[in-house]
Amino acid sequence: MTDTINPQTEDGGAAKEHLRSIRSFVLRQGHMTAAQQRAIDTMWPQFGLDYQAQTADLNQIFGSDKPKVLEIGFGMGTATAEIAKRLPDHDFLAIDVHGPGVGNLLKLIEEENISNIRVMRHDAVEVVENMLADEALAGIHIFFPDPWHKKRHHKRRLVQVPFIEKLLPKLKTGGYIHMATDWEEYAQQMLEVLSSFECLQNTAADYAPTPAYRPETKFEARGKRLGHGVWDLVFKKIK
């Protein structure tokens with residue numbers, strides 16, 4: 001059972017053990033700035049979405065029938081906000097559990113007058129299992145998930161066959177999954193996992209060019225200057 005996280009508190013009491021075989025996050029303490037907390041207090045009623053253990057009507061929630069994209073783990077939300085601006089003809093359901101990041105994304109939504117994002121602070125696995133209807137999504141973004149560097153921790157990685165099995169029914173035929181990582185060994189695992197599904201087709205021979213809608217993060221740019229690589233994978237659901 002997963003603790004539901006109150007979006008208007010720093011940790012929502014969710015530091016208890018998360019008794020699931022798969023989860024989308026690792027809880028980390030972080031300092032919530034006054035501006036981030038204010039954004040949560042003022043923007044959550046319009047742009048926040050509380051978890052509910054029943055199927056949600058995304059068109060009703062967004063007030064539009066635009067294609068819906070799920071983003072799992074948006075960090076501080078800077079890239080998410082930029083993508084939403086670059087793709088105004090899509091709606092974005094952005095999920096993370098990091099309080100300062102949630103506050104920062106809501107702050108960006110307000111500052112940059114972005115209307116096509118809704119924010120959730122909850123375990124994405126439960127959202128996928130219980131809130132998303134089959135074929136509700138046109139796209140799925142998972143950018144720079146925790147690589148769990150140590151081999152004995154690899155089982156904790158999000159991108160594994162059981163989780164992709166949960167995601168695929170929620171994706172329309174013709175929809176896509178876009179992942180990115182700066183950890184080469186994890187990129188290899190992602191490629192292996194996605195390639196194992198007959199209903200998915202790689203859009204590249206192996207790793208894809210970074211799509212124009214995904215901005216380069218400051219962390220990514222710093223890594224490239226130090227000679228680190230970044231790998232994007234884009235797979236399309238063909239049946």
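Remember, it's a predicted structure, so these values are computed and weren't measured experimentally.
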Checking Q160 side chain against K155 main chain: does a donor-acceptor pair fall under 3.5 Å?
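Flag set: sc Q160 to bb K155 pair under 3.5 Å.
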Could you measure the distance from the [atom1] atom of [X] to the [atom2] atom of [Y]? Nearest 0.5 Å is fine.
| X | Y | atom1 | atom2 | result |
| --- | --- | --- | --- | --- |
| M179 | L233 | CE | CG | 7.5 Å |
| R222 | L226 | CZ | CG | 8.0 Å |
| I164 | I142 | CD1 | CD1 | 5.5 Å |
| N116 | D89 | CG | CG | 9.0 Å |
| L70 | M120 | CG | CE | 10.0 Å |

Are the charged groups of [X] and [Y] less than 4.0 angstrom apart, N to O?
| X | Y | value |
| --- | --- | --- |
| K68 | E135 | no |
| R214 | E82 | no |
| R38 | E110 | yes |
| D134 | K170 | yes |

For [X] and [Y], which I'm curious about, is there any donor-acceptor pair between the side chains at under 3.5 Å?
| X | Y | answer |
| --- | --- | --- |
| W231 | D182 | no |
| Y51 | D123 | no |
| S64 | D91 | yes |

Measure the acute angle between the ring planes of H178 and F143, then classify it against the limits of 30° and 60° as parallel, tilted or perpendicular.
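It falls in the perpendicular class, over 60°.
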Step by step, work out the ring-ring contact (aromatic ring centres under 6.0 Å, His included) result for Y213 and H90.
CA-CA 12 Å; Y213 60 76; H90 288 68; 8.4 Å; no
So, do [X] and [Y] sit near enough that their side-chain heavy atoms are less than 4.5 Å apart?
| X | Y | result |
| --- | --- | --- |
| V193 | F163 | no |
| F47 | I117 | no |
| V119 | F92 | no |
| I114 | K85 | yes |
| N202 | L191 | yes |

Quick check on side-chain contact (heavy atoms from CB on, under 4.5 Å): which of I177, L171, L167 does K237 satisfy it with?
L171
